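Comments concern the structure below.
A quick note: this is a predicted structure, and the numbers were derived from the prediction, not measured. Each chain gets a letter, A, B and so on, in the order the sequences are listed, and its residues count up from 1.
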Amino acid sequence: MTTVSYREIYAVVSRIPRGRVATYGQIARLAGIPGHARQVGYALGRSDGQGPVPWHRVVNAKGMISPRADGSWMELVQRLLLEGEGVIFDEHGRIPLSRFQWRPAS
DNA sequence: CCACTGACGAGTG
DNA sequence: GCACTCGCCAGTG
């Protein structure tokens, strides 16, 4: 299939374990739509509070929290939630993916 | 039904 | 490492 409902994306995001993070591109691949990282971002933006989706565990490929269009406070909330789970940010505001990126059970 | 709206990523210079 | 380009698509009003 080449189409994806946002629902499918939320399902994948929901699998991210506590204390780990995943990238948009990674979620897209796991959802079966490689190359559609953007759609993942759009979907999460819409989920915002809609359900038990750990949206805060998704960051961009640089390991940074993606800036919201509206300069929303959500960015700060996201960082606090992650730090609360033990995720560390370096001096550049980046999360060392080598250490915290979620690696689905092989 | 149509127009607009967004949390990205890989490649190139 | 930074600036820019291009490909990507489901929802909402």
For the side chain of [X], counting heavy atoms from C-beta on, which of [options] is nearest?
X: A/A61; options: C/dG11, C/dC9, B/dG9; value: B/dG9
X: A/S66; options: C/dC8, B/dG9, B/dA7; value: B/dA7
X: A/N60; options: B/dA7, B/dG9, C/dA10; value: B/dG9
X: A/S47; options: B/dA7, C/dG11, B/dG6; value: B/dA7

Rounded to the nearest angstrom, tell me the gap between atom [atom1] in [X] and atom [atom2] in [N].
X: A/R46; N: C/dC9; atom1: CZ; atom2: C1'; value: 13 Å
X: A/R94; N: C/dG1; atom1: CZ; atom2: P; value: 7 Å
X: A/I33; N: C/dC9; atom1: CD1; atom2: P; value: 9 Å
X: A/M64; N: B/dA7; atom1: CE; atom2: P; value: 16 Å
X: A/L44; N: C/dC9; atom1: CG; atom2: C1'; value: 14 Å
X: A/I65; N: B/dC8; atom1: CD1; atom2: P; value: 13 Å
X: A/Q101; N: B/dG9; atom1: CD; atom2: C1'; value: 14 Å
X: A/I27; N: C/dC8; atom1: CD1; atom2: C1'; value: 17 Å

Other cluster members, A/I88 - Ile/Leu/Val/Met/Phe/Trp/Tyr, side-chain contacts below 4.5 Å: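 Hydrophobic cluster check, A/I88: joined to A/V21, A/V59, A/I65, A/L82, A/V87, A/F89, A/I95, A/L97, A/F100.
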Nonpolar side-chain network containing A/L80, other nodes, edges under 4.5 Å: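 Answer for A/L80: A/L76.
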Quantified in whole Å, what is the [atom1] atom distance between nucleotide [N] and nucleotide [M]?
N: B/dT5; M: C/dC8; atom1: C1'; answer: 14 Å
N: B/dG6; M: C/dG7; atom1: P; answer: 22 Å
N: C/dG11; M: B/dC1; atom1: C1'; answer: 14 Å

Contacts of [X] that satisfy side-chain hydrogen bond (donor to acceptor under 3.5 Å, both in side chains) - sequence neighbours left out:
X: A/Q101; value: A/Q26
X: A/R38; value: A/Y42
X: A/R68; value: A/Q78

Min side-chain heavy-atom separation A/L44-A/V53 under 4.5 Å: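 Side-chain contact under 4.5 Å: yes.
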Side chain proximity check, A/W102 to A/V58, heavy atoms < 4.5 angstrom: no
Residue closer to the 5' end of DNA chain B, A/V59 versus A/Q39 (nearest nucleotide): A/Q39
Listing time: all N or O pairs from protein to nucleotides 3-7 of chain C that are below 3.5 Å?
from  : atom 1 : to    : atom 2 : distance (Å)
C/dG7 : O6     : A/R38 : NH1    : 2.7

